[in-house]
Student: 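Encoded as structure tokens, here's the structure I'll be asking about.
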Amino acid sequence: MTGGIFDPKFNELPNELPVFPLEGALLLPGGTLPLNIFEPRYLTMIDHALGQSRCIGMIQPNSKPEQTILDDSNTPLYKIGCLGRITSFMETDDGRYLISLQGLVRYNVANEISSDFGYRRVIPDYTPYRPDLENTESEDLDRDRLLSCLRSYFDVNNIDADWKAIEHTNNHRLVNTLAMICPFSSAEKQAILEASTLVQRADIMETIMDMAVHQSTQNFAKQ
């Protein structure tokens with residue numbers, strides 16, 4: 001099952017939101033995030049979302065670095081997440097759901113509210129992020145600088161890339177896709193999510209990639 005591109009108005013956004021706390025998962029406005037859903041409470045969440053707005057909120061648990069998350073029922077959440085709409089859905093023979101989320105707009109968690117179904121729900125505040133609903137593909141950035149950092153970062157991480165496709169991808173899609181697929185830490189991904197503009201998002205990514213390349217070079221020199 002698939003759905004077309006959804007272009008909501010600000011006043012059409014859901015007032016209450018089921019959330020999927022998932023460490024290391026980054027959804028950005030305009031991005032697409034594939035998910036494999038298998039826990040019973042989140043299968044229920046998807047069932048409910050499909051019967052209503054088809055929207056869920058992605059958000060990361062804000063756990064300490066040494067903490068292992070076994071049950072996210074009471075784990076603190078970051079205050080900023082991203083609203084996603086289910087655009088494709090498939091049920092597997094073993095009862096899992098394979099879905100794709102289209103990122104729409106970021107939100108602040110205004111309040112967390114009770115739920116009778118095992119998954120967590122929040123009252124979202126989209127107000128600070130209204131520009132996410134606008135077309136920002138023309139936003140300017142130093143593309144040559146970004147691609148230079150990316151080449152070095154991919155080299156040290158032994159990541160293959162289709163450079164022809166990358167070079168023909170517009171700025172907005174390029175930055176958001178790279179932010180979502182690169183193996184950044186959870187804290188780094190959260191910083192990218194919270195960046196105010198596309199240019200700031202790219203600047204943060206460049207800093208992260210430069211630091212990773214520098215650390216790799218230092219480690220190689222010590223060998």
Student: If you define the side chain from C-beta out and look only at heavy atoms, does anything of Val19 sit under 4.5 Å from Met58?
Tutor: no
Student: Which is it for Leu150 and Met209 under the side chain to side chain contact (heavy atoms under 4.5 Å, CB included) test, yes or no, and what are the steps along the way?
Tutor: CA-CA 7 Å; Leu150 186 65; Met209 290 188 288; 3.9 Å; yes
Student: Any sub-3.5 Å donor-acceptor pair from Asp132's side-chain atoms to Arg106's backbone N or O?
Tutor: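 Yes; judged by distance alone, with no hydrogens or angles, the pair exists.
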Student: Flag the pair Asn111 / Val122 as yes when at least one side-chain heavy-atom distance between them is below 4.5 Å, and no otherwise.
Tutor: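 Asn111 vs Val122: side chains apart.
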Student: Of the non-hydrogen atoms in Ala49 and Cys55, which two are nearest, and what is the gap between them?
Tutor: CB-O, 3.9 Å
Student: Quick check for you: to the nearest 0.5 Å, what is the distance between Gln60 atom CD and Ser186 atom OG?
Tutor: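 It comes to 4.5 Å.
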Student: Measuring only between side-chain heavy atoms, which start at C-beta, is Cys82 closer than 4.5 Å to Pro29?
Tutor: yes
Student: Indicate yes or no: does Lys164 engage Asp162 in a salt bridge with an N to O separation below 4.0 Å.
Tutor: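 Salt bridge flag = no for Asp162 with Lys164.
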Student: State whether the side chain of Ser148 and the backbone N or O of Asp144 hold a donor-acceptor pair below 3.5 Å, judged by distance alone.
Tutor: no
Student: Any chance you could measure Ile204, atom CD1, to Ile192, atom CD1, to the nearest 0.5 Å?
Tutor: 6.5 Å
Student: Taking all heavy atoms of Leu133 and all of Leu104, pick out the closest pair and write down the distance.
Tutor: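 Shortest heavy-atom contact: CD2-O, 3.8 Å.
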Student: Applying side chain to side chain contact (heavy atoms under 4.5 Å, CB included) to Tyr119 and Thr44, what does each step give before you reach the verdict?
Tutor: CA-CA 8 Å; Tyr119 58 82; Thr44 300; 4.2 Å; yes
Student: At their closest point, which heavy atom of Leu178 faces which heavy atom of Met205, and how far apart are they?
Tutor: CB-CE, 3.6 Å
Student: Checking Asp125 side chain against Thr127 main chain: does a donor-acceptor pair fall under 3.5 Å?
Tutor: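 Here the side-chain-to-backbone pair exists.
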Student: Measure the spacing between CD1 of Ile181 and CG of Asn176 and express it to the nearest 0.5 Å.
Tutor: 11.5 Å
Student: Check each of Ser53, Pro14, Pro124 against Leu83 using the side-chain contact (heavy atoms from CB on, under 4.5 Å) test, and report the only one that passes.
Tutor: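 Among Ser53, Pro14, Pro124, the one that satisfies the side-chain contact (heavy atoms from CB on, under 4.5 Å) with Leu83 is Pro14.
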Student: Taking atom CZ of Phe38 as the centre, does the number of heavy atoms from other residues, nucleotides or ligands within less than 6.0 Å exceed 12?
Tutor: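 No, because the 6.0 Å sphere around CZ of Phe38 holds 12 heavy atoms or fewer from other groups.
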Student: If you round to the nearest 0.5 Å, how far is OG of Ser185 from CD1 of Ile208?
Tutor: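 Those atoms lie 6.5 Å apart.
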Student: Apply side chain to side chain contact (heavy atoms under 4.5 Å, CB included) to the pair Thr87 and Leu101, showing each step before the final yes or no.
Tutor: CA-CA 6 Å; Thr87 55; Leu101 289 181; over 6 Å; no
Student: Provide the closest heavy-atom pair for Lys189 versus Phe184 in the form atom of the first, atom of the second, distance.
Tutor: CE-O, 3.5 Å
Student: Using 30° and 60° as the class limits, which term best fits the ring planes of Phe20 and Tyr42: parallel, tilted or perpendicular?
Tutor: tilted
Student: So how far is it from Ile99 CD1 to Arg54 CZ, rounded to the nearest 0.5 Å?
Tutor: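 So the gap between those two atoms works out to 10.5 Å.
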Student: So, taking the atom named CG in Leu98 and the one named CG in Leu35, what distance separates them when rounded to the nearest 0.5 Å?
Tutor: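 If we round to the nearest 0.5 Å, Leu98:CG and Leu35:CG are 9.5 Å apart.
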Student: On a heavy-atom basis, which atom in Asn108 and which in Pro128 lie closest, and how many Å separate them?
Tutor: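 Nearest pair, atom of Asn108 first, then Pro128: ND2-CG, 3.5 Å.
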Student: Kindly check if the number of other-residue, nucleotide or ligand heavy atoms within 6.0 Å of CG (Asp94) is above 12?
Tutor: yes
Student: For the hydrophobic clusters of this structure (ILVMFWY residues joined by side-chain heavy atoms under 4.5 Å, transitively), does one cluster hold both Leu50 and Leu13?
Tutor: yes
Student: If you compare all heavy atoms of Ala187 against all heavy atoms of Tyr78, which two are closest, and at what distance to 0.1 Å?
Tutor: CA-OH, 4.2 Å
Student: Which pairs count as salt bridge (Lys or Arg N to Asp or Glu O under 4.0 Å) when at least one residue sits in residues 190-210, sequence neighbours excluded?
Tutor: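 For residues 190-210, and leaving out neighbouring residues, the salt bridge (Lys or Arg N to Asp or Glu O under 4.0 Å) pairs sorted by first residue read Arg145-Glu206, Arg145-Asp210.
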Student: Less than 4.0 angstrom from a charged side-chain N to a carboxylate O is my criterion; do Glu112 and Arg120 meet it?
Tutor: yes
Student: Is Asp160 atom CG crowded by more than 12 heavy atoms from other residues, nucleotides or ligands, each under 6.0 Å away?
Tutor: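 Incorrect, the count does not exceed 12.
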Student: Evaluate whether atom CG of Asn36 has more than 12 neighbouring non-hydrogen atoms of other residues, nucleotides or ligands under 6.0 angstrom away.
Tutor: yes
Student: When clusters are formed from ILVMFWY side-chain contacts under 4.5 Å, directly or step by step, what else is grouped with Ile113?
Tutor: Ile123
Student: Donor-acceptor pair, distance only, cut-off 3.5 Å: does the side chain of Thr169 make one with the backbone of Arg173?
Tutor: no
Student: Do Leu174 and Arg143 come within less than 4.5 Å of each other through their side chains, counting heavy atoms only?
Tutor: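 Sidechains of Arg143 and Leu174: in contact.
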Student: Output, in order, the C-alpha distance, side-chain angles, deciding distance and verdict of side chain to side chain contact (heavy atoms under 4.5 Å, CB included) for Thr207 and Met211.
Tutor: CA-CA 6 Å; Thr207 299; Met211 291 175 61; 4.0 Å; yes
Student: Is the Tyr129 to Phe10 ring centre distance short of 6.0 Å?
Tutor: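 Not under 6.0 Å, so no.
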Student: State, with a plain yes or no, whether a side-chain heavy atom of Ile80 is found less than 4.5 Å away from one of Gln190.
Tutor: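 Yes, their side chains come closer than 4.5 Å.
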Student: Just say parallel, tilted or perpendicular for the rings of Phe117 and His48, cut-offs at 30° and 60°.
Tutor: perpendicular
Student: If you define the side chain from C-beta out and look only at heavy atoms, does anything of Tyr97 sit under 4.5 Å from Thr92?
Tutor: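 They are not in side-chain contact.
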Student: Using a 3.5 Å distance criterion without hydrogens, assess whether the side chain of Glu16 forms a donor-acceptor pair with backbone atoms of Arg121.
Tutor: no
Student: Just by distance, do the side chain of Lys79 and the backbone of Val109 share a donor-acceptor pair under 3.5 Å?
Tutor: no
Student: Just wondering, do Leu17 and Ile56 contact through their side chains at under 4.5 Å, heavy atoms?
Tutor: no
